[in-house]
Enquirer: 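Dropping the structure in here first, questions after.
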Amino acid sequence: MELTPKFLGSNIIQLENYKPASVDDIVSVHSKSYVAGLEKAMDRASRDGLILIEGSGPTYATATTFNESLVAAGAGISLVDSVVKASQTHKNPPIGFALIRPPGHHAVPKGPMGFCVFGNVAIAARYAQRVHGLKRVFIIDFDAHHGNGTSDAFYDDPDIFFLSTHQDGSYPGTGKMDEVGRGDGEGTTLNIPLPGGSGDYAMKMVFDEVIVPCAQRFKPDIILVSAGYDAHVLDPLANLQFTTGTYYMLASNIKQLAKELCGGRCVFFLEGGYNLESLSYSVADSFRAFLDEPSLASEFDNPAILYEEPSRKFKQVIQQVKQIHSL
């Protein structure tokens, strides 16, 4: 799709030869025993080729999974470095996008889960605080599934706001409206479980009525995004009706929000997405939004396959969330 430095010159910067995350970076979120155990399990993976490391997902590892997971987390960390550095000299710094596997938002502090090995977003959030002094981190997770791992990592932390939109009742069954955080962190976890069939209309409303006022009130120093593309109507693992155009809207609006609230500092992390075509088009359209280029969603999206969104149901959910969080 010609969205590379070869075609766009300095408008797109590709990070080459960045450092993998260190074990210290990983244990800012995960337990030392999990990290050590996974590294040990690589011997078994070398022998067997493929090993099951967690059953609910199910989540597998091969002989290179430990190192690849350090590389994935390292990409997010490097992008935080780049975006922070650029924001010191640019009024309009570039947005980072970590195009990485494995994804991260289901990985809990004590182990892997749901295709995820290390919590890439959570690790980057702790890194931004520790290394750059960016104390207040706002995380938006628009994957079709609840980011339970990220939620667990910061459930009692008042300085990290975690906001997740996801399909109600989908894997892993967490992310209810009344999960709002605990102790000092009460009020800095917000879940919007959308009814099946929700799409563009629901997400625009969520953005304007929940995400924007929430972020404005929290006053973040950086925005991190768990960008899962499995809420797309063509995705086999969920039952939502986002379109490529929905993702363009989200990327464009989040970019604007970061510009208004935190000097443009913003990094996206690839999470789910299981239809390779809708994933490709939607990620590419997110890039176009970052570049202020027009959307090409209409070349891919087919409005004829959409059905009416359950607007009464999702408006009810949005009202309840606003009530719980005094928005």
Side-chain angles (χ1 to χ4, degrees), residues 1-9 11-14 75 79 94-105 115 140-145 147 164-167 170-171 192 194-208 211 223 225-258 266-311 314:
M1 300 196 195
E2 303 190 350
L3 293 164
T4 60
K6 183 182 163 191
F7 296 98
L8 292 172
N11 283 334
I12 289 200
I13 301 154
Q14 190 169 343
L79 286 167
I95 284 201
F97 201 137
L99 294 166
I100 50 177
R101 288 282 177 256
H105 74 154
F115 315 150
I140 299 167
D141 184 329
F142 58 67
D143 188 287
H145 306 95
S164 176
T165 60
H166 46 273
Q167 184 182 330
S170 65
Y171 178 90
I192 307 162
L194 293 167
S198 300
D200 203 62
Y201 180 35
M203 210 51 198
K204 282 193 175 96
M205 202 168 175
V206 163
F207 199 88
D208 294 342
I211 296 178
I223 295 174
V225 182
S226 268
Y229 290 84
D230 45 2
H232 197 284
V233 63
L234 295 176
D235 197 282
L237 287 198
N239 188 23
L240 291 169
Q241 293 193 92
F242 289 21
T243 61
T244 308
T246 312
Y247 292 112
Y248 182 89
M249 176 273 293
L250 283 169
S252 179
N253 287 358
I254 291 169
K255 177 186 174 172
Q256 190 53 38
L257 197 60
C266 181
V267 181
F268 276 56
F269 295 71
L270 186 61
E271 299 283 4
Y274 307 98
N275 173 317
L276 292 183
E277 245 192 317
S278 60
L279 173 65
S280 305
Y281 276 87
S282 301
V283 169
D285 232 41
S286 302
F287 268 65
R288 291 188 191 99
F290 299 152
L291 293 160
D292 294 319
E293 286 185 12
S295 167
L296 294 184
S298 61
E299 291 182 10
F300 180 70
D301 287 337
N302 173 12
I305 64 172
L306 301 174
Y307 52 93
E308 196 184 338
E309 292 184 44
S311 59
F314 73 63

Enquirer: Between A284 and M1, which heavy-atom pair has the shortest distance, and what is it?
Expert: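 Shortest heavy-atom contact: CB-SD, 3.3 Å.
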Enquirer: Apply side-chain contact (heavy atoms from CB on, under 4.5 Å) to residues F287 and I12 and explain how you reach the verdict.
Expert: CA-CA 9 Å; F287 268 65; I12 289 200; 3.8 Å; yes
Enquirer: Flag the pair L279 / H232 as yes when at least one side-chain heavy-atom distance between them is below 4.5 Å, and no otherwise.
Expert: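 The answer is no, as the side chains (C-beta and beyond) never meet within the 4.5 Å cut-off.
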Enquirer: Mark yes or no for whether N239, through its side chain, and G197, through its backbone, hold a donor-acceptor pair below 3.5 Å.
Expert: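 Such a contact is absent between N239 side chain and G197 backbone.
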Enquirer: Got V233 and D301 here, is their nearest side-chain heavy-atom distance under 4.5 Å?
Expert: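 Sidechains of D301 and V233: no contact.
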Enquirer: So do H145 and S170 actually touch side chain to side chain, heavy atoms under 4.5 Å?
Expert: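 S170 vs H145: side chains touch.
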Enquirer: Nearest 0.5 Å, what's the CZ-CD1 distance between F314 and I192?
Expert: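 So the gap between those two atoms works out to 12.0 Å.
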Enquirer: Step by step, work out the side-chain contact (heavy atoms from CB on, under 4.5 Å) result for I211 and I254.
Expert: CA-CA 9 Å; I211 296 178; I254 291 169; 5.9 Å; no
Enquirer: Can you see which heavy atom on A75 is nearest to which on A98, and at what distance?
Expert: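 Distance-wise, the nearest heavy atoms are CB-CB, 4.5 Å.
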Enquirer: Take a 6.0 Å sphere around OH of Y281 and say whether it holds more than 12 heavy atoms from other residues, nucleotides or ligands.
Expert: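 No, because the 6.0 Å sphere around OH of Y281 holds 12 heavy atoms or fewer from other groups.
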Enquirer: Just by modelled atom types, is the G272 backbone N or O under 3.5 Å from a matching donor or acceptor in the D143 side chain?
Expert: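 Here the side-chain-to-backbone pair exists.
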Enquirer: Looking at H105, is its backbone amide N or carbonyl O close enough to the side chain of D141 to form a donor-acceptor pair, meaning the two atoms are under 3.5 Å apart?
Expert: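 Side chain of D141 to backbone of H105: no pair is present.
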Enquirer: Side chains of Q256 and N253: closer than 4.5 Å at any heavy-atom pair?
Expert: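 Side chain of Q256 against side chain of N253, heavy atoms only: no contact under 4.5 Å found.
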Enquirer: Hey, could you give me the CD1/CG distance between I140 and L257, rounded to the nearest 0.5 Å?
Expert: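 Atom-to-atom, I140:CD1 and L257:CG are 6.0 Å apart.
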Enquirer: Can you list the residues that meet the ring-ring contact (aromatic ring centres under 6.0 Å, His included) rule with Y274, with sequence neighbours excluded?
Expert: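 Applying ring-ring contact (aromatic ring centres under 6.0 Å, His included) to Y274 gives F115.
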Enquirer: With side chains defined as the heavy atoms from C-beta onward, is the minimum distance between D292 and K255 less than 4.5 Å?
Expert: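 Heavy-atom side-chain distance check passes, below 4.5 Å.
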Enquirer: Could you state the interatomic distance from CG (D200) to CG (L250), rounded to the nearest 0.5 Å?
Expert: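 Going from the CG atom of D200 to the CG atom of L250 covers 8.5 Å.
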Enquirer: Within the side chain of S252, is there an N or O that forms a donor-acceptor pair under 3.5 Å with the backbone of Y248?
Expert: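 Not at all, since once roles are kept as given, no pair shorter than 3.5 Å links the two residues.
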Enquirer: How long is the gap from CG on L194 to CE on M205, to the nearest 0.5 Å?
Expert: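 If I round to the nearest 0.5 Å, the distance is 11.5 Å.
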Enquirer: Hey, can you tell me if Y247 and Y229 have their rings parallel, tilted or perpendicular (30° and 60° cut-offs)?
Expert: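 Ring orientation, 0 to 90° scale: tilted.
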Enquirer: Do the ring centers of F268 and F290 come within less than 6.0 Å of each other?
Expert: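 Ring centroids of F268 and F290 are less than 6.0 Å from each other.
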Enquirer: For the pair Q167 (side chain) and A231 (backbone), establish whether a donor and an acceptor sit closer than 3.5 Å, ignoring hydrogens and angles.
Expert: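 Between the backbone of A231 and the side chain of Q167 there is no qualifying donor-acceptor contact (under 3.5 Å).
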Enquirer: Can you give me the closest heavy-atom contact between N11 and L291, atom names plus distance?
Expert: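 It is O-CD2, 3.6 Å.
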Enquirer: For E271, does its backbone N or O pair with a side-chain atom of R101 as donor and acceptor, under 3.5 Å?
Expert: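 Answer holds: yes.
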Enquirer: Check whether any side-chain heavy atom of E293 sits under 4.5 Å from a side-chain heavy atom of L8, and report yes or no.
Expert: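 Touching, per the 4.5 Å side-chain cut-off.
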Enquirer: Give a yes or no answer on whether the side chain of Q241 reaches the backbone of Y307 with a donor-acceptor pair at less than 3.5 Å.
Expert: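 Yes, Q241 side chain to Y307 backbone: donor-acceptor pair under 3.5 Å.
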Enquirer: Looking at side-chain heavy atoms only, is the closest gap between N302 and L234 below 4.5 Å?
Expert: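 Not in contact.
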